[in-house]
Amino acid sequence: MLTAVVVAVLAALAWLYLLAGHGGFWRTDQRLPGAGGPPPAAWPSVTAVIPARDEAAVLPDSLPTLLGQDYPGELRVVLVDDESSDGTAAVAASLSERACAAGGAARLTVVAGEPLPAGWAGKVWAMHQGVAAAGPADYVLFTDADIAYRPGALRALAGAAAVSGRDLVSQMALLRAATAWERLLIPAFVYFFAQLYPFRRVNRPGGRTAAAAGGCMLVRRSALVAAGGLEPIRSARIDDVALGTLLKRSPGGGATWLGFTTEVVSTRGYRELAEIWDMVARSAYTQLRYSPVALAGTVLGMIWLYLVPVAATLAGLVLTAPVLAGLGLAAWAIMAASYLPVLRLYRLSPARTLTLPAIGVLYTAMTVSSARRHYAGRGGEWKGRTIERSRAAR
């Protein structure tokens with residue numbers, strides 16, 4: 001019994017630390033810097049770069065929202081067709097024609113992607129080609145084919161970057177949470193990402209924590225050039241974190257920012273558990289730098305944080321051990337409270353906080369699955385491509 005009490009105490013202390021000392025990771029109050037303030041004296045030029053591989057199905061819901069942005073400065077959009085087999089380029093061109101026919105500006109350029117060279121991750125290679133075609137824009141907006149922008153979103157984003165003087169302003173797109181599996185697992189995906197990279201620490205000048213959200217990354221072009229472009233992260237499979245790290249740790253220490261938004265949204269759907277599983281397992285082991293030791297530590301840490309509170313509560317009730325039950329309930333309550341802000345962001349019931357232990361088990365299983373895929377030679381398998389460790393190592 002004493003051992004169980006000690007373990008429960010440590011779990012409760014761990015949750016107290018996460019709540020009070022881990023950069024406020026659970027809060028969702030990091031919004032665009034300077035929002036509501038005066039606009040920049042001159043609006044910077046922006047070129048959006050969209051890497052797209054077999055994205056014909058999602059483009060009709062996303063691309064028109066970017067082409068139709070009412071942006072006061074110069075805006076161009078470059079879509080890099082990364083050897084698609086589903087007519088992605090034709091769909092993009094058709095959507096651009098419709099936008100022009102409706103009175104919009106001719107903003108879109110479609111670039112036929114070159115074959116993937118050795119040493120490059122597919123998405124980063126497409127981004128690199130997009131930058132080459134972007135022209136002398138003040139900022140490059142790296143965005144994904146499934147990302148839609150609500151009216152005024154780009155104006156707010158570019159205005160915040162220009163006024164605050166940051167080299168990178170990134171927003172975590174609001175992911176789709178429509179199906180049962182999405183409502184269960186997608187908010188937790190955001191929650192776990194913020195736990196790994198607390199946004200407040202990312203936004204702290206000179207801090208070690210660096211990250212970005214790949215769906216929406218506005219980068220000052222001169223800062224990207226000074227950092228060596230995308231070549232230093234050419235093999236990165238987790239390109240957003242790699243880019244945020246590159247810019248924040250570049251000579252001179254670039255100022256970066258990462259926050260939440262409801263104005264930039266993902267239209268990509270995950271109807272089944274298998275689809276979300278594949279999305280996570282594709283890169284989870286990469287995040288652990290392919291380390292079996294880190295994998296073992298992650299599994300033990302997840303069990304300690306998410307299962308021990310539940311086990312201590314139930315054991316304490318069954319064994320009539322009020323101290324053990326109280327410690328378990330305390331840890332579980334803190335865990336649940338830390339999940340509430342993300343659930344509110346997604347407009348989901350607070351009762352879903354009770355599912356977080358089960359969600360933690362599922363994400364742990366996805367991480368183990370990611371390691372198994374890697375050792376089976378299927379690491380990073382995505383749309384017909386498999387990226388081996390030698391090509392994805394950072």
Side-chain angles (χ1 to χ4, degrees), residues 45-71 74-117 120-137 139-151 153-154 173 175-176 178 214-219 230 234 237 239-240 264-272 275 278-279 282 380-387:
S45 57
V46 176
T47 295
V49 172
I50 307 173
R53 180 176 172 83
D54 293 336
E55 299 286 15
V58 300
L59 285 176
D61 293 325
S62 57
L63 184 57
T65 69
L66 185 55
L67 296 175
Q69 285 291 303
D70 181 19
Y71 181 63
E74 180 185 351
L75 171 62
R76 294 180 59 221
V77 179
V78 175
L79 183 141
V80 181
D81 179 24
D82 185 14
E83 299 186 304
S84 299
S85 59
D86 67 345
T88 289
V91 170
S94 176
L95 292 170
S96 178
E97 290 172 3
R98 291 183 200 175
C100 292
R107 288 172 163 167
L108 180 67
T109 300
V110 177
V111 175
E114 297 291 332
L116 182 65
W120 286 79
K123 184 178 178 182
V124 183
W125 173 240
M127 292 163 62
H128 175 76
Q129 295 174 84
V131 171
Y139 286 89
V140 176
L141 172 63
F142 294 110
T143 187
D144 289 340
D146 63 299
I147 299 299
Y149 291 79
R150 302 197 193 282
L154 182 59
L175 306 179
R176 206 184 83 145
C216 176
M217 303 185 292
L218 186 68
V219 178
L230 294 174
R234 60 187 177 276
R237 224 191 299 167
D239 57 275
D240 45 9
V264 180
V265 301
S266 172
T267 64
R268 193 180 303 281
Y270 298 95
R271 295 180 299 277
E272 306 292 339
E275 295 175 313
D278 286 341
M279 182 265 291
R282 193 164 59 238
E381 190 172 18
W382 180 75
K383 293 187 179 180
R385 282 183 180 155
T386 300
I387 304 174

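Of all heavy-atom pairs between Leu230 and His128, the closest is CD1-N, 3.5 Å. Minimum interatomic distance between Met127 and Pro51 (heavy atoms only, all atoms of both residues): CG-CG, 3.7 Å. Of all the heavy atoms in Gly122 and Asp82, the pair that sits closest is O-OD2, 3.9 Å. For the pair Leu66 and Ala48, the tightest heavy-atom approach, listed with the atom from each and the gap, is CD2-CB, 3.7 Å. In this structure, Val111 and Ala133 approach most closely via the heavy-atom pair CG2-CB, 3.9 Å. The nearest pair of heavy atoms linking Ala153 to Val264 is CB-CG2, 4.4 Å.
Annotation: side-chain hydrogen bond (donor to acceptor under 3.5 Å, both in side chains) contacts of Thr267 (sequence neighbours excluded): none. Under the rule for a side chain to side chain contact (heavy atoms under 4.5 Å, CB included), Glu97 has no partner lying at least two apart in sequence or in another chain. Legend: residues meeting salt bridge (charged side-chain N to carboxylate O under 4.0 Å, His left out) with Asp240, ordered by chain and number and at least two apart, are absent. For Arg176, the salt bridge (charged side-chain N to carboxylate O under 4.0 Å, His left out) test picks out Glu182, with sequence neighbours left out. Considering only residues two or more places apart in sequence or on other chains, Glu275 meets the side chain to side chain contact (heavy atoms under 4.5 Å, CB included) condition with Tyr270, Arg271, Glu272. Here Thr143 pairs with Tyr149 under the side-chain hydrogen bond (donor to acceptor under 3.5 Å, both in side chains) rule; sequence neighbours left out. Under the rule for a side chain to side chain contact (heavy atoms under 4.5 Å, CB included), the partners of Ser266 that lie at least two apart in sequence or sit in another chain are Asp146, Ile147, Leu175, Arg268.
Judged by distance alone, the side chain of Gln129 and the main-chain N or O of Val124 form no donor-acceptor pair under 3.5 Å. A donor-acceptor contact shorter than 3.5 Å is absent between the side chain of Arg282 and the backbone of Arg237. One N or O on the side chain of Trp125 and one on the backbone of Glu114 form a donor-acceptor pair closer than 3.5 Å.
A side-chain contact (heavy atoms from CB on, under 4.5 Å) with Val77 holds for exactly one of Leu141, Thr109, Leu63, Thr47; it is Leu63.
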Could you pull out every donor-acceptor pair under 3.5 Å between side chains of residues 88-95 and any protein atom, sequence neighbours left out?
{"residue": "Thr88", "atom": "OG1", "partner": "Glu55", "partner atom": "N", "Å": "2.9"}
{"residue": "Thr88", "atom": "OG1", "partner": "Ala56", "partner atom": "N", "Å": "3.3"}
{"residue": "Thr88", "atom": "OG1", "partner": "Ser84", "partner atom": "OG", "Å": "3.4"}
{"residue": "Thr88", "atom": "OG1", "partner": "Asp86", "partner atom": "OD1", "Å": "2.6"}

- Could you go step by step and tell me if Thr65 and Val265 meet the side chain to side chain contact (heavy atoms under 4.5 Å, CB included) rule? CA-CA 11 Å; Thr65 69; Val265 301; over 6 Å; no

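At least one side-chain heavy atom of Met217 sits less than 4.5 Å from a side-chain heavy atom of Asp239. Taking the side chain as every heavy atom from C-beta outward, Asp70 and Pro151 never approach each other to under 4.5 Å.
Here Leu59 contributes atom CG and Ser96 contributes atom OG; the two are 11.5 Å apart, rounded to the nearest 0.5 Å. With rounding to the nearest 0.5 Å, the separation of CG in Asp81 from CD1 in Ile50 is 12.0 Å. Atom CZ of Arg53 is separated from atom CG of Leu116 by 8.5 Å, given to the nearest 0.5 angstrom.
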